[in-house]
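Encoded as structure tokens, the structure appears first; notes follow it.
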Amino acid sequence: MKIKKGDIVLIISGKDKGRTAKVLKSLPKEGRIFVEGINLKKKHSKPKKQGEKGQVINIPGSIEVSNVKLVCPKCGKAARIGYIIEKDSLKNSKKQNKFRICKKCKSKV
Ligand SMILES: [Zn+2]
């Protein structure tokens with residue numbers, strides 16, 4: 001999955017369209033992510049003790065990863081992501097490293 005925890009993303013569809021926020025968690029198998037403050041769902045918590053009031057807490061709901069675009073930390077634009085494979089710089093190393101790149105500014109992100 002192209003989007004990882006800690007990325008800043010732009011929401012491109014749904015009720016939070018146009019907002020940018022940080023990815024809290026990604027669920028690669030489901031293709032969904034949790035984004036800070038996005039798609040909040042109200043949850044009523046019951047009082048734990050007698051005499052206490054129940055509270056309403058907002059918990060983020062997951063959204064489909066196709067509903068966001070990564071905001072490139074280098075150029076600050078919502079960009080499409082590509083991948084480049086680079087060979088390890090060590091001689092005789094067969095190791096390959098995969099990097100995400102911003103398609104706008106070509107930086108590794
Ligand atoms: Zn960029």
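Order of listing sets the numbers, starting from 1, for every ligand and every atom in it.
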With V71 as partner, the option from V9, L10, D7 fulfilling side-chain contact (heavy atoms from CB on, under 4.5 Å) is L10
Can you check the number of protein N/O/S atoms within less than 2.8 Å of the Zn ion (ligand 1)? 4
Salt-bridged, E86 to K95, with N to O below 4.0 Å? no
Would a distance-only check, ignoring hydrogens and angles, find a side-chain to backbone donor-acceptor pair under 3.5 Å from D88 to S93? no
For the student: nearest non-hydrogen atoms of C72 and C75, plus distance: SG-N, 3.3 Å
CG on L70 to CD1 on I81, rounded to 0.5 Å: 4.0 Å
Could you tell me which non-hydrogen atom of N67 sits nearest to which non-hydrogen atom of S13, and how far apart they are? OD1-OG, 2.8 Å
